[in-house]
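First comes the structure, then the notes that go with it.
Both backbone and side-chain heavy atoms feed into the values below; hydrogens, waters and symmetry mates do not.
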Amino acid sequence: MSTPTQVDPRNDDAAPDGAPTFPPSPDFVADAVAHEDLHDAASADRPAFWGDQARQLLDWRTPFTQTLDWTNAPFATWFADGTLNVAENCLDRHVRAGNGDRVAIHFEGAPGDTRRITYAELTADVQRAANMLTDLGVTQGDRVVVYLPLIPEAVVTMLAVARIGAVHSVVFGGFSAESLRARIEDAGAKLVVTADGGWRRGAVTPLKPAVDEALAGEGTDSVEHVVVVKRGGNEVAWDDDRDLWWHDEFAKADPHHDAQAFPAENPLFILYTSGTTGKPKGIVHTSGGYLTQATYTHRNVFDMHPDKDVYWCTADIGWITGHSYVVYGPLANGVTQVLYEGTPDEPKPGRWWDIVDAYGVTVLYTAPTAVRAAMKGGRQVPDARSLDTLRLLGSVGEPINPEAWHWFRQVIGHDRTPIVDTWWQTETGAIMISALPGVTKLKPGAAQTPLPGIVAEIVDEDGNRADPGESGYLTITEPWPSMARGIWNDPDRFVETYWDRFPGRYFAGDGARLDGQGDIWVQGRVDDVMNVSGHRLSTAEIESALVGHEGVAEAAVVGAADETTGQAIVAFVILTTEAAEGVDRDAVAAELRAWVGQRIGAIAKPRQVVIVPELPKTRSGKIMRRLLRDAAEGRRIGDTTTLADPTIMATIAELM
């Protein structure tokens, strides 16, 4: 194969002219015309455009007459006088349309077990699970915490909660008991659904013990029951007054459930994301607007053909990608998809690529981290597979570097598949910026253009539009249907976090630049939230965990560029006087890494913990994290003249 042209994103002329172009298929030619029509319609009347999408894509019990209400900005309502049932839109209507025999989920368990679940079967499971929840006293508006592995019961639970108008809060199975406890407390959860354990890297990772520990903590008295899926087969402690086996309660429930319609602004889920303070933010999404945009973007960005495509998004449901592009978007579009419990290389290298071949996957949506990990393993592993069913590749979670983009397309896509690199966030709910194959000329590493109906601008420090080629801040200037409706029980924090920096504009902390052809290049975080393997983690939350250790007096955490994960966590720690006596630095660093993993989760373990005598502080006491990032990334240390101790950075550099 020929080596693809490398594109330097800093060169405005090279970016468009040097980028590979792809001969569009007949489908893409037709789609290009359709997308031009969408852009024209959105430009002419954006709220009317979104109203048309909502009517075309979803079934409404009560048709809406109000599209957008922005009078209480930044708190929007969309389609507020309409009613619908989210689960019915994802399931029942496909069965009624005669597609009940279509496979909804090809489940591949980490140990090798498989399940083939049709739309009719998934609908039946969700109906019975909805009755199970109501039998346990869950009603509209109640919060249900979901702490499960990536198994079909997780999808069933989310849809069953949605079906009865309750609110789910999915917590990533890698989070610790303390992180789980904080989310249960903040949401005021009535029920927790978990499993005994889940399979990961050839072994069972217990989950129920973390729930038990979380519920032993303060602020969790709202929980009445814990429903446990038997997945890992590991022994678990049992509270007869609280704990229930899923299979027992599920079998007792009535198999038929009539879906009730709920207002479009009925809360659908709370998803917690790290913030710049230690307390995670409960991002709230509602039903009609969120489902409209998740369905619209899934269909259009991936050019989905439900009768032909086999789609696979590799994300866990504990993150927004799993919500929008594993559960709601694909199922609302009636697509056949793959659900895989494990990691890419278990029990041996190449498991992902074996799955692509086994199920004939046509669209693969994954994170740059996974692509870079595959690159490290060499091309001989994917080259041993066919992969000839793939027609489109997608990237999510962080900007994909051009080297990974080219490798992904050349080795996995056999130099024929377009790649769509998507920008969006927990708070936006659905894809906002993406290339569109056959419509936009693809540029490796660029997010490219806002989708029809989205208005994005890059601004400077003062909120003025940045000139092409200048770096600035990525903002959204007009409301969109899947936007967050706030932070659970904290509206002031929602305004302060996302809308105060540039009044009238949504800004969540991403830097970007606009090239000479109008395409957007996302440059990463400009605030104190790190993006590690596509997961947003707060420096403050990790610092809080470190200081919670009895031997730590102070800590500062920064994100450092990392070839595999995008950003890696580097912690600089001052020990207490007592803990510092005769210390084995390596042993303490290892202990603190494990400590953070226990308090927050394995994803938050620092790559490196550096024991330092002092932190670089100004005379006013402000920690200069810019200098710590320089040290963490091996760069020449910048100006230290403003520090109270200008020599401290030389000491820290020697300790790296």
Give me the ring orientation class for [X] and [Y]: parallel if the planes are under 30° apart, tilted from 30 to 60°, perpendicular past 60°.
{"X": "Phe79", "Y": "Phe64", "answer": "tilted"}
{"X": "Tyr473", "Y": "Phe502", "answer": "tilted"}
{"X": "Tyr290", "Y": "Tyr328", "answer": "perpendicular"}
{"X": "Phe269", "Y": "His285", "answer": "tilted"}

Taking atom types as modelled and ignoring hydrogens, do the side chains of [X] and [Y] form a donor-acceptor contact shorter than 3.5 angstrom?
{"X": "Asp309", "Y": "Thr362", "answer": "yes"}
{"X": "Thr314", "Y": "Thr366", "answer": "yes"}
{"X": "Asp142", "Y": "Thr139", "answer": "yes"}

Give a yes or no on whether the backbone of Thr71 and the side-chain of Asp69 come within a donor-acceptor separation of less than 3.5 Å.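 Here the side-chain-to-backbone pair exists.
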
Looking only at heavy atoms, what is the nearest atom pair of Pro330 and Gln337, with distance?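 The answer is CB-NE2, 3.8 Å.
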
Which atom of Val495 lies closest to which atom of Pro74, heavy atoms considered: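 What the structure gives for the nearest pair is CG2-CG, 4.0 Å.
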
What I want to find out is whether Glu88 reaches Arg93 closely enough, with some N-O distance under 4.0 Å, to be called a salt bridge.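 Result for this pair is no, no salt bridge flagged.
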
Ring centres of Phe75 and Trp70 under 6.0 Å apart? no

Listed by chain and number, what are the salt bridge (charged side-chain N to carboxylate O under 4.0 Å, His left out) partners of Asp45, not counting sequence neighbours? none

